[in-house]
Every structure is written in structure tokens, then in C-alpha cells.
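Some notes on the structure that comes next.
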Amino acid sequence: MVSSVVSDMQGARSAHMKVKRMLPPVVRGLLWALIGFLIVNTLVSEVFDRMPYHPYVTRPSVTLGWVAAVIGWLLGVGAWEGFMKPYFGGTADWVVPNDWRKYFMYSIDHKVIGMQYIFSSLGGFLIAGFAAMLMRLELMKDHMWIFNNPGAYLSTVGIHGTVMMFSVGTVALIGGFGNYIVPLMIGANSTAYPRMSGISQWLVPAGIATVVLSPILGQWTTGWRGYEPLAGQDPAGIVFYYLGVFALTTSSLMVSINLTATILFKRAPGLTWNRIPMYAWGMLTVSLLNLIWLPEIQMTFLMGLLSAIIPLPYFSQLGSPLTYMEMFWLFGHPEVYIIVVPAFALWQELLPVMGQKSLFARQWGIIGLVFVMILSGLVWAHHMFTNMRNSQMLPFSFFTEMISIPTGFSFLVAIGTMWKSNLRLNTPTLFILMSLFNFLIGGVTGVLLADPVVNLQAHDTFFVIAHFHYTIIGGMVFSWFAAFYYWLPKFSGRMYNEFWGKIGAIWVFIGFNGVFFQLFLLGLKGMNRWVPVYPSYLQPMNFEISLFGFLLGLGFVFNFLHIAWMWHKGPVVGNNPWHSKTLEWQTSSPPANTNFDPIPQVIGSFYDYSDSKLAVATPYSDKKS
């Protein structure tokens, strides 16, 4: 008996030493990715598809080599020991250290995965923001002076939009805060599919790197939309656009499957549908949106990729040039709501806590989220008013304006909750109020653009860019910062500095509106997007906008540095500094490895602040649950 115990201990110790002796997982993942790419690319270009005078890297070889590289990357960071070996019946000898190193390797802990997603999204945000700074630097003058040619500028525009949309907009609040917060909110100790979730995270840095490195294969001029048949005229860089977006959307799809199953099947006893927290409702609706529309856009990108490497003439003049636009925007406008629905949910999640007042008209807030999800698939063609008959415009104009009604429900719930409340005007509240203001401008101008007469005048001008950024950056990113400051004590057990938090909020608010409100005026004056060379009379306003753009970029960096500093140096606070009633604040801050022991039992509403009673009874004691 003793000898068997000793033998087991020695085996465990040897397994642990085996893991410790290997390369750091990220380094090993990069090495395996490089090896996989070189082997497969060489086999395809030099053996199976050998042609005289062909380069070493061809479109077919780089596509298959990329697949091998991504597989090697995923296995190298830990999926081999943590996912593949157990799946085939082997022992899981993957040891995750309980220190900073756990964030740089494969993990099945939803809190670690959430942090990894947050770091990955933050990296994508900084990369896309740097590209935006280069764009604004170029536009300070009416002729080209930073980039060598228009193709280089357009590639930068494409990298900015692609990384911002697919690694920040669809990932930051869903993969990051969704993975970390939702299980805590619903009283669960894990997500439904933790191993799949651990893999999905590592597709984000792979996708970002693919898009950023795409100009190595040649400049591409289609922007974040990858328009065909224009893309068919681009060099091989467009291949990496399709592959990078495919990796990012696959990650989002896996997150959505996991969060949907978690909310449906992992809720604590007593957490009925009419008690689910608003942020969890937002995650559920946006996950369903992803499950509906991400496969559609992935099919579209797959067809574009096949057109680039075979070629398949489906989108060329032999096929249907407008088909790609239809297929892209069929996803493209639900994508907007994939990004902003979590922001709506955050408004309704934070304001009752900050005002210590019951959530106003909660049912209507949920109805608004659900109907935004339903109507979002009926509005796509307003992006194509310049390409359709007059008789087709009316129904799409109608549904585009109709979607403002359920969107307005979120505003009414927020305003009703703030009415006569003792609202604490702290940093998270400021960011929420700024998000409300910004999205209101984006929504009103969206109604204008839904009118065909206005749309035909403003189409492809900076007016559309301003509307889009007021909706996405103004709505989602400002709510993202509110979530950072609100849940910082949960992540770290420490509080930010209120004075510097408010300075950071006001800073980015001034910088943001200084840029994008002027873009409305610039667009009405005739400034087209996608062009680095423009009429000289627009140069003074472009120069001023660029200065505000640099101010905005510095404001974002300031907030990130402040959050990072307070994460480690901020004053220690209690487990529930906001006096919230939701479940994530009824456990330790930061949470232990096991969120709840035992599982709690929910007996009331999380948003009833008419008294000081919690919505949780004596912790649930049935260990089998």
C-alpha cells in the first residue's frame, strides 16, 4: 500500500518535472507553428504542386501551411497535453502553475481564459489603434507623405478595421468579460465546455498575427470587408485576410457555444429565467446572434478564399459581383449588434448598483435585447442603397428604422433606473453615461442614414465613418472601460484611483467627440473614405481632427496604464465594494480556484434595492448539484 502511494507520488512528481523542463508554452507554440508551416508549405510548393519558376510560397502552399501552423500553435501552448491526450484516453499531465505563467499557457479555468481573452483583445486594440494613428498622420496633409503608395495606406485601413472589429468588437466583452464573469454571475464553478474554451482563446492571437502580417504577402485594398471582385485583383495578402478573420470568427463561435450552454445548463438552483442577471442575458442574446451569423460569414470568406487560390469565379464577372456584398452585409449589420448588445446589457447591469435603486422595467430591457437580435438580420441592404432599385429600398429602410424601437428600450430602462436615484457619479458611471450619449448620436444618425435620400448623399463619406464609430467605439468601447473599472476589484481585490479614473474618462470623451463629431461635418463637405489624397480645402479640418485623434489615442493608453497600475498598487478593498446583489460579488475578490463551495441558492431578484436583503439564501448544500 505504502509502496503504491510512493510510486504514485513519484509519478506525479516526474510528470510535473517533465512539464517544468519543457520550453515555455508560448515559445513552444511558436516553434511548433514555424515547423508546421515550413513542412507543409514545402510539401505543397516543392513536391505536390511543383511548377517551374514558381516561388517557394504560393497561395495554395501558404494556405495549407497556415493551417498546419495554427494547429502547431494550439498544440504547443498546451492543447496537446491538456486536450488531445485526454480525449484519446491518455493521462492529462498538464500542470498549470498558480502564478503569472498560467496566463501564457492552455488552461481550463474560466477566470484564466477570461483574462487571456482580455489581454488578447487589449493587444488587438493597441495594434488597431496604432494603425489608426498612422492613418490620421497621413491625412494631416492633402497629399501622400507617410505611405509610399495608396495600397500601403489601404492595407493599413484594412488591418485597423479587421483587427478592431473581429478581435476587439466581437471578443472583448464576450470572450473576455463573458468567460470570466458569467459563470460567477450564475453561480457556476466552471463553464459547460472548459477544454474547448481553453483552445478558442489561442485562436485570437493567431488571427491577429495573421492579419497584421498579411502585407508581407502583398498589399490588399479591400478594407475590413474584403469586397469581391476587388479582392480578386489583390496580391496574396488577401489570403491572410481571409485566414485571419476565419481564425477570429471561429474563436467567437466557440465562445458563443460555450456561453450559451453554460447559461442554459449551469445555473445555480433558484436562478430562474426571470432572475438571470442582465449581463448574462446580454451574453445569451449575443451568443445566439453569433451562432446564427458567424457560420454565414465564414462560408462567405471560405468562398472568397477559394476564389483566391483555385480560382473560383463565383464573385467575378463570370459570376455575380454583387453577391459578395449581399452575403457580407447579411452578416455585417448583425455584427454591429453583436458588438453593442453587451454594452446595452452593461448599462442595465451597472446603473442599478451605482444608484442603489431597483432596475426599472427589467422585462422591457430583456425584450429589447431579444428583439434587437431578431430584427438585426432584416436591415443589411441599407448598406447597398446605391446598388438597388427604388422599389427595394422601402422595406429595408422600414426595418432599419424599426430596430431603433427595441434599441430605445435599453435607453428607457437606463433613464428610468437613474430617475430619482442616488447615483454615484464615479468612473464606471461616467463611462456608462458617456456610452449612452455617444450611442444616442450614433443611433440618431443611423436613422438618418436609413432614409434613402440621405444615404445616397452621404454614402461612402466620412459621415458614415462618424456614425459607425459613434455606434461601435462610442457605445461599446466606453462600456468596455466601464466594465474594466467596475470589475477591477473583482479581478484584483484592489480599487482604482477615483480622481485619475475620472480624468481618464473625461480625457477620452473630449478626444473622441473632437474626432468623430467633426467627421460628420467633414463628410457633409465631401470627404470620401478610403482615400489618402483629397481636395486641399478639406486639409485644415483633417489636420485638426488628427490632433484630436492623437489626444484620443493617448487617453486610451492613459486609462490602460492607470488600470494596470491600480491592479497591483491600488488600495485593497472588501469582497463587495459596490454593495451589489449579483452573485459574482457574493464570493471572494479575487475569486478562489473554486468559485462557490457549496453552490448558492437564489431566492430573489438581484435588482431589488428596496431593502438590504440579498437574493441568495444559505448556500446550497447538495454536493451532487
Next item on the list: Give the ring-plane orientation class for Trp480 versus Phe484, where under 30° counts as parallel, over 60° as perpendicular and anything between as tilted.
Entry: tilted
Check: To the nearest 0.5 Å, how far apart are CD1 in Ile432 and CE in Met418?
Finding: 9.5 Å
Notebook entry, point to check: Going from CZ on Phe147 to OH on Tyr153, what distance comes out if it is rounded to the nearest 0.5 angstrom?
Noted result: 8.0 Å
Check: Any side-chain heavy atom of Ile472 within less than 4.5 Å of one from Val477?
Finding: no
Checklist line | Exam field: side chain Asn559 to backbone Gly555, donor-acceptor pair closer than 3.5 Å | finding: yes
Check: Within a reach of under 6.0 Å around CD of Gln457, are more than 12 heavy atoms found that belong to other residues, nucleotides or ligands?
Finding: no
Note to self: Is a donor from one side chain sitting under 3.5 angstrom from an acceptor on the other, for Trp347 and Ser410?
What the structure shows: no
Next item on the list: Describe, in one word, how the ring planes of Phe104 and Trp100 are oriented to each other, choosing from parallel (under 30°), tilted (30 to 60°) and perpendicular (over 60°).
Entry: perpendicular
Notebook entry, point to check: Would Trp500 and His562 count as a close aromatic pair, with their ring centres under 6.0 Å?
Noted result: no
Distance-only check: which donor-acceptor pairs under 3.5 Å involve side-chain atoms of residues 530-538, not counting sequence neighbours?
{"residue": "Tyr534", "atom": "OH", "partner": "Leu139", "partner atom": "O", "Å": "2.7"}
{"residue": "Tyr534", "atom": "OH", "partner": "Lys141", "partner atom": "O", "Å": "3.1"}
{"residue": "Tyr537", "atom": "OH", "partner": "Lys525", "partner atom": "O", "Å": "2.7"}

Check: Okay, side chain of Glu228, backbone of Tyr324: is any donor-acceptor separation there less than 3.5 Å?
Finding: no
Next item on the list: Applying side-chain hydrogen bond (donor to acceptor under 3.5 Å, both in side chains), run through Gln298 and Thr249 and close with a yes or a no.
Entry: CA-CA 7 Å; Gln298 287 186 319; Thr249 52; 3.0 Å; yes
Note to self: Just by distance, no angles: are the side chains of Ser197 and Asn179 close enough, under 3.5 Å, to form a donor-acceptor pair?
What the structure shows: yes
Notebook entry, point to check: Can you check side-chain hydrogen bond (donor to acceptor under 3.5 Å, both in side chains) on Ser251 and Ser200, steps first, answer last?
Noted result: CA-CA 5 Å; Ser251 175; Ser200 69; 4.6 Å; no
Checklist line | Side chain Ser435, main chain Gly475, donor-acceptor under 3.5 Å | finding: yes
Check: What closest approach, in Å, do Gly549 and Met133 show between heavy atoms, and which atom pair accounts for it?
Finding: O-CE, 3.4 Å
Next item on the list: Before giving the answer on side-chain hydrogen bond (donor to acceptor under 3.5 Å, both in side chains), spell out for Gln348 and Trp281 the whole-Å C-alpha distance, their side-chain angles and the decisive distance to 0.1 Å.
Entry: CA-CA 10 Å; Gln348 300 169 64; Trp281 265 111; over 6 Å; no
Just distance, no hydrogens or angles: give the donor-acceptor pairs under 3.5 Å from side chains in residues 501-517, sequence neighbours left out.
{"residue": "Lys502", "atom": "NZ", "partner": "Leu425", "partner atom": "O", "Å": "3.2"}
{"residue": "Trp507", "atom": "NE1", "partner": "Leu551", "partner atom": "O", "Å": "3.0"}
{"residue": "Asn513", "atom": "OD1", "partner": "Tyr470", "partner atom": "OH", "Å": "2.7"}
{"residue": "Asn513", "atom": "ND2", "partner": "Phe509", "partner atom": "O", "Å": "2.9"}

Margin query: Could you report the tightest heavy-atom contact between Ala308 and Val239, atom names first, then the distance?
Written below: CB-CG2, 4.1 Å
Next item on the list: Without swapping roles, check the side chain of His467 against the backbone of Gly442 for a donor-acceptor pair under 3.5 Å.
Entry: yes
Check: Is Trp224 reaching over with its side chain to a backbone N or O of Phe166, donor-acceptor style, under 3.5 angstrom?
Finding: no
Checklist line | Check: Arg101 side chain, Pro24 main-chain N or O, donor-acceptor pair, under 3.5 Å | finding: no
Note to self: Testing the 3.5 Å rule here: is there a donor-acceptor pair between the side chains of Lys102 and Ser107?
What the structure shows: no
Note to self: Determine whether a donor-acceptor pair (N or O, by modelled atom type, separation under 3.5 Å) exists between the side chain of Ser167 and the backbone of Met164.
What the structure shows: no
Note to self: Check for me whether the distance between the ring centres of Phe462 and Phe520 falls short of 6.0 Å.
What the structure shows: no
Checklist line | Minimum-distance pair of heavy atoms, taken over all atoms of Ser121 and Val171 | finding: OG-CG1, 3.1 Å
Note to self: For Trp202, is there any backbone N or O sitting under 3.5 Å from a side-chain donor or acceptor partner on Gln116?
What the structure shows: no
Notebook entry, point to check: Would you call the rings of Phe556 and Phe478 parallel, tilted or perpendicular if under 30° counts as parallel and over 60° as perpendicular?
Noted result: perpendicular
Item checked: Stepwise side-chain contact (heavy atoms from CB on, under 4.5 Å) check, Phe463 with Asn455 -> CA-CA 10 Å; Phe463 189 95; Asn455 189 293; over 6 Å; no
Margin query: Students often mix this up, so state it plainly: with edges at 30° and 60°, are the rings of Trp567 and Phe119 parallel, tilted or perpendicular?
Written below: tilted
Notebook entry, point to check: Can you name the nearest heavy-atom pair linking Met476 to Ala172, along with the distance?
Noted result: CE-CB, 3.7 Å
Check: For Pro489, which of Pro577, Ser589, Pro590 qualifies under side-chain contact (heavy atoms from CB on, under 4.5 Å)?
Finding: Pro577
Note to self: For His160 and Met135: C-alpha separation, side-chain torsions, deciding distance, then whether side-chain contact (heavy atoms from CB on, under 4.5 Å) applies.
What the structure shows: CA-CA 9 Å; His160 164 76; Met135 291 154 52; 3.9 Å; yes
Checklist line | Reference residue Phe301; test ring-ring contact (aromatic ring centres under 6.0 Å, His included); the match among Tyr227, Tyr241, Phe331 | finding: Tyr241
Check: Would you call the rings of Phe431 and Tyr485 parallel, tilted or perpendicular if under 30° counts as parallel and over 60° as perpendicular?
Finding: parallel
Note to self: Are the side chains of His110 and Leu184 in contact, using a 4.5 Å heavy-atom criterion?
What the structure shows: yes
Check: Are a donor atom and an acceptor atom from the side chains of Thr170 and Glu335 found within less than 3.5 Å of each other?
Finding: no
Next item on the list: Kindly assign one of parallel, tilted or perpendicular to the pair Phe491 and Tyr180, based on the angle between their ring planes and the thresholds 30° and 60°.
Entry: perpendicular
Item checked: Taking every non-hydrogen atom, the tightest pair across Phe37 and Ala69 -> CB-CB, 4.0 Å
Item checked: Nearest heavy atoms of Val26 and Trp73, plus distance in Å -> O-CZ3, 3.7 Å
Next item on the list: Take Met140 and Phe550 through the test side-chain contact (heavy atoms from CB on, under 4.5 Å) and record every step on the way to the result.
Entry: CA-CA 11 Å; Met140 291 181 78; Phe550 302 146; 3.7 Å; yes
Check: Within a reach of under 6.0 Å around CG of Asn148, are more than 12 heavy atoms found that belong to other residues, nucleotides or ligands?
Finding: no
Margin query: I'd like to know if the side chain of Arg136 reaches the main chain of Asn542, judged simply by a donor and an acceptor atom lying under 3.5 Å from each other, with no hydrogens or angles considered.
Written below: yes
Next item on the list: For Asn426 and Thr429, test the side chains for any donor-to-acceptor distance below 3.5 angstrom and give the result as yes or no.
Entry: yes
Margin query: Using side-chain heavy atoms (C-beta onward) and a distance below 4.5 Å, is Trp220 in contact with Thr162?
Written below: yes
Next item on the list: Report the residue from Tyr279, Phe481, Trp578, Tyr496 that forms a ring-ring contact (aromatic ring centres under 6.0 Å, His included) with Trp487.
Entry: Tyr279
Next item on the list: Check whether the side chains of Gln201 and Ser120 place a donor and an acceptor atom closer than 3.5 Å, and report yes or no.
Entry: yes
Next item on the list: Evaluate the criterion side-chain contact (heavy atoms from CB on, under 4.5 Å) for residue pair Met327 and Ile297; output intermediate values, then yes/no.
Entry: CA-CA 7 Å; Met327 296 175 69; Ile297 195 61; over 6 Å; no
Note to self: Quick check on the 6.0 Å ring-centre criterion: do His333 and His382 meet it?
What the structure shows: yes
Check: Any chance the side chains of Asp234 and Thr221 put a donor and an acceptor closer than 3.5 Å?
Finding: yes
Check: Heavy atoms, side chains only, cut-off 4.5 Å: are Ile174 and Tyr117 in contact?
Finding: no
Check: So, do Ile181 and Met283 sit near enough that their side-chain heavy atoms are less than 4.5 Å apart?
Finding: no
